[in-house]
Amino acid sequence: MLFACLPGLAAVLALVLCASGVDRTVAAAGREVAARSVTSYQAPRPEIVPRAAWLDDDTRHAQPPPRYDDRVVAVFIHHTDSPNGYDCADAPRIIRYLYAGQTGSRDWDDIGYNFLVDRCGTIYEGRAGGIDRPVTGAHTQGFNHRTTGIAALGTFTAGADVPKAMTEAIAALAAWKLGLSDTDPRARVRLTSSNSLSRYASGTSATLPALAGHNTGYMTSCPGAALTARLPEIRQLAARLQGRAS
């Protein structure tokens, strides 16, 4: 052996240096494994216009404090069933009109959607409670908990044009919101129905897409056939924005 040829002190020193080198190698390997194990797929937060841009004092209703869940693991996509040929500068007025209808004739405590996206790709904060927080919405009967509702301003039934700027903004918003819980937009997640008026009896556990159309959880044609057909590509884009491999 090599150490047998070394004087005693030199052999001891060599052993110490050798052990130290092994320790450093093991520590480095451990750090690399740890780094891999905590890989996060959080996408950057897109620009979001606050409620103050569309909700004025003349329209605002008194409402109870917001309700929250522990996290958001799914996104439901909606359309607002309103005209498509609007000027994007009119989006705040349209959202204000939607709010007035939902808090007026429907007697809701706030607009149901957590976010709204216009045809130019501008994202608006909807329901109150905090853009970064898991606010419980009122958008998908039976599945408002642990979910976010994103509404596309317009009507996207069969044959309607779905603007690219709109789908890209929806993907960016979903990627960020789902990334906060490390949820892959292409995955399926388990949710529990809270209302038997949904497609599932109250208390039923259902496995649904992490990025789903409104009609997945409730008997409706929303978000329209044209927008529903775009959901697969929105999921893929959202996953890429999170840094996930295709």
Side-chain angles (χ1 to χ4, degrees), residues 45-56 59 72 74-106 108 110-128 131 135 137-141 143-144 147-178 185 209-238 241:
R45 192 183 101 170
E47 183 176 347
I48 301 171
V49 178
R51 280 167 63 93
W54 59 264
L55 185 57
D56 57 31
T59 310
V72 168
V75 168
F76 282 98
I77 307 300
H78 306 258
H79 70 171
T80 56
D81 201 21
S82 52
N84 292 350
Y86 56 88
D87 189 297
C88 290
D90 286 334
R93 177 185 58 80
I94 296 169
I95 298 171
R96 188 161 55 249
Y97 173 81
L98 293 168
Y99 169 91
Q102 292 181 357
T103 59
S105 59
R106 293 191 181 184
W108 294 3
D110 193 0
I111 192 168
Y113 313 117
N114 298 96
F115 301 95
L116 301 99
V117 180
D118 71 14
R119 65 186 187 88
C120 293
T122 303
I123 302 170
Y124 291 87
E125 176 188 13
R127 197 169 182 83
I131 290 171
V135 179
H139 51 85
T140 303
Q141 189 84 268
F143 293 102
N144 291 312
T147 70
T148 279
I150 302 175
L153 279 180
T155 301
F156 299 101
T157 49
D161 175 59
V162 185
K164 183 179 180 182
M166 174 178 276
T167 58
E168 289 180 344
I170 291 172
L173 178 56
W176 166 67
K177 202 66 179 177
L178 291 175
L211 195 158
H214 184 189
N215 52 9
T216 301
Y218 183 68
M219 289 73 73
T220 177
S221 60
C222 176
L227 183 50
T228 297
R230 303 291 295 275
L231 294 185
E233 68 182 70
I234 292 173
R235 292 185 187 105
Q236 291 295 332
L237 176 54
L241 291 172

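Residues: numbered from 1 along the sequence shown. Values in this document were obtained by computation on a predicted structure and should not be read as measured data.
Annotation: the span from Ile48 atom CD1 to Tyr124 atom OH amounts to 12.5 Å, rounded to 0.5 Å. For the atom pair Ile77 CD1 and Thr167 OG1, the distance stands at 10.5 Å (nearest 0.5 Å). In this structure, Ile95 CD1 and Arg51 CZ are separated by 10.5 Å, a value rounded to the nearest 0.5 Å. With rounding to the nearest 0.5 Å, the separation of CD in Glu233 from CD in Glu168 is 9.0 Å. Rounded to the nearest 0.5 angstrom, Tyr97 OH and Asp90 CG are separated by 14.0 Å. Put simply, CH2 on Trp176 and OG1 on Thr148 are 8.0 Å apart, with the number rounded to the nearest 0.5 Å.
For the pair Ala226 and Ala160, the tightest heavy-atom approach, listed with the atom from each and the gap, is CB-O, 3.5 Å. When all heavy atoms of Pro223 and Gly213 are compared, the closest pair comes out as CD-CA, 3.9 Å. Ala210 approaches Pro185 most closely through the heavy-atom pair CB-O, 4.1 Å. The minimum heavy-atom distance linking Thr80 with Ala151 is given by the pair CG2-CB, 3.8 Å. The two atoms that bring Ile170 and Ala152 nearest to each other are CD1-CB, 4.4 Å, heavy atoms only. Nearest heavy atom pair, residue Ile234 against residue Ala171, reads O-CB, 3.8 Å.
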TODO: Test side chain to side chain contact (heavy atoms under 4.5 Å, CB included) on Leu98 and Leu153 and set out the steps.
DONE: CA-CA 10 Å; Leu98 293 168; Leu153 279 180; 3.8 Å; yes

TODO: Using the side chain to side chain contact (heavy atoms under 4.5 Å, CB included) rule, take Thr140 and Thr147 through it: C-alpha gap first, then chi angles, then the decisive distance, then the call.
DONE: CA-CA 9 Å; Thr140 303; Thr147 70; 5.7 Å; no

Task: Stepwise side chain to side chain contact (heavy atoms under 4.5 Å, CB included) test for Thr103 and Ile111 - done: CA-CA 7 Å; Thr103 59; Ile111 192 168; 5.9 Å; no

- [ ] Could you check Ile150 against Tyr113 for side chain to side chain contact (heavy atoms under 4.5 Å, CB included), going step by step and ending with a plain yes or no?
- [x] CA-CA 6 Å; Ile150 302 175; Tyr113 313 117; over 6 Å; no

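Under the 4.5 Å side-chain criterion, counting only non-hydrogen atoms from C-beta, Glu125 is not in contact with Leu116.
Taking the six-membered ring where the residue is Trp, Phe143 and Phe76 present tilted rings, their angle falling between 30° and 60°.
Looking at Arg96, its side chain never comes within 3.5 Å of a backbone N or O of Thr59 through a donor-acceptor pair. The main-chain N or O of Gly224 is found under 3.5 Å from a side-chain atom of Thr228 such that the two form a donor-acceptor pair. Between the side chain of Thr216 and the main chain of Ala212, no donor-acceptor pair closer than 3.5 Å is present. Side chain of Asp118 to backbone of Gly121: a donor-acceptor contact under 3.5 angstrom is found. Side chain of Asp110 to main chain of Ala128: a donor-acceptor pair is present (N/O by atom type, distance under 3.5 Å, no hydrogens or angles). Between the side chain of Glu47 and the main chain of Ile123, no donor-acceptor pair closer than 3.5 Å is present. A distance-only check finds no donor-acceptor pair linking the side chain of Asp81 to the backbone of Thr155 [under 3.5 Å]. No side-chain donor-acceptor contact under 3.5 Å links Gln102 to the backbone of Trp108. Counting only distance, with no hydrogens or angles, the side chain of Trp54 and the backbone of Val49 share no donor-acceptor pair below 3.5 Å. Arg235 contributes a side-chain N or O that, together with a main-chain N or O of Leu211, makes up a donor-acceptor pair within less than 3.5 Å.
Taking the six-membered ring for Trp and the full ring otherwise, His78 and His139 have centroids separated by under 6.0 Å.
Both cation-pi conditions hold for Arg119 and Tyr86: the charged atom is under 6.0 angstrom from the six-membered ring centre and inside a 45 degree cone around its axis.
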